[in-house]
Amino acid sequence: MSIIKINAITVPADSGDELTRRFAARAGAVDNQDGFEGFELLQPTDERTTWLVITRWRDEKSFQDWVASKNFGHGHGHREGADAERRKPVGVSAELWSYRPAGGSTPEA
């Protein structure tokens, strides 16, 4: 059964464009990871400053393999030097939430 990982990132009001730019620059970077099923970046449409990064995985092991991969470290600024300075986190805080589907519906085509 699929699992869903939600990274809830609190972003200063003036940093949302930078967060969007960084995700766009890495679009598709996780697409070929074994067990990866999908991704969404959700921008708040009200006064909230918490953005949601939603990923769906085949299972917990698939997600953990991604977290342990070099591609994950590269995409999340785990490096040193001048490039790392430029890639300081946009968010001021983040929480990782984990869920599994427990119900819902899909409209018919």
Parallel, tilted or perpendicular: rings of Phe39 and Phe23 (30°, 60°): parallel
By side-chain hydrogen bond (donor to acceptor under 3.5 Å, both in side chains) - contacts of Ser93 (at least two apart): Thr10
Flag side-chain contact, heavy atom, 4.5 Å: [X] against [Y]:
X: Val11; Y: Thr49; value: no
X: Gln33; Y: Asp65; value: yes
X: Val90; Y: Arg22; value: yes

Closest non-hydrogen atom pair, Ser2 against Pro101: O-CD, 3.2 Å
Residues clustering with Trp97 (ILVMFWY side chains joined when closer than 4.5 Å, directly or via others): Ile4, Ile6, Leu42, Leu52, Ile54, Tyr99
Distance, nearest 0.5 Å, that separates OG of Ser15 from CH2 of Trp51: 10.0 Å
CG-CZ distance between Asp31 and Arg26, expressed to the nearest 0.5 angstrom: 10.5 Å
Pair Thr20-Asp17, side-chain donor/acceptor within less than 3.5 Å: no
is_close_aromatic(Trp66, Phe36), centroid dist under 6.0 Å: no
Hphob cluster co-occupancy, Leu19 + Val92, side-chain heavy atoms under 4.5 angstrom: no
[X]: partners by salt bridge (charged side-chain N to carboxylate O under 4.0 Å, His left out), with sequence neighbours left out:
X: Glu37; answer: none
X: Asp34; answer: Arg58
X: Asp46; answer: Arg48

All pairs passing salt bridge (Lys or Arg N to Asp or Glu O under 4.0 Å) where residues 1-10 contributes a residue, at least two apart: Lys5-Glu60
Derivation and outcome, side-chain contact (heavy atoms from CB on, under 4.5 Å), residues Trp57 and Asp59: CA-CA 5 Å; Trp57 298 87; Asp59 51 31; 5.9 Å; no
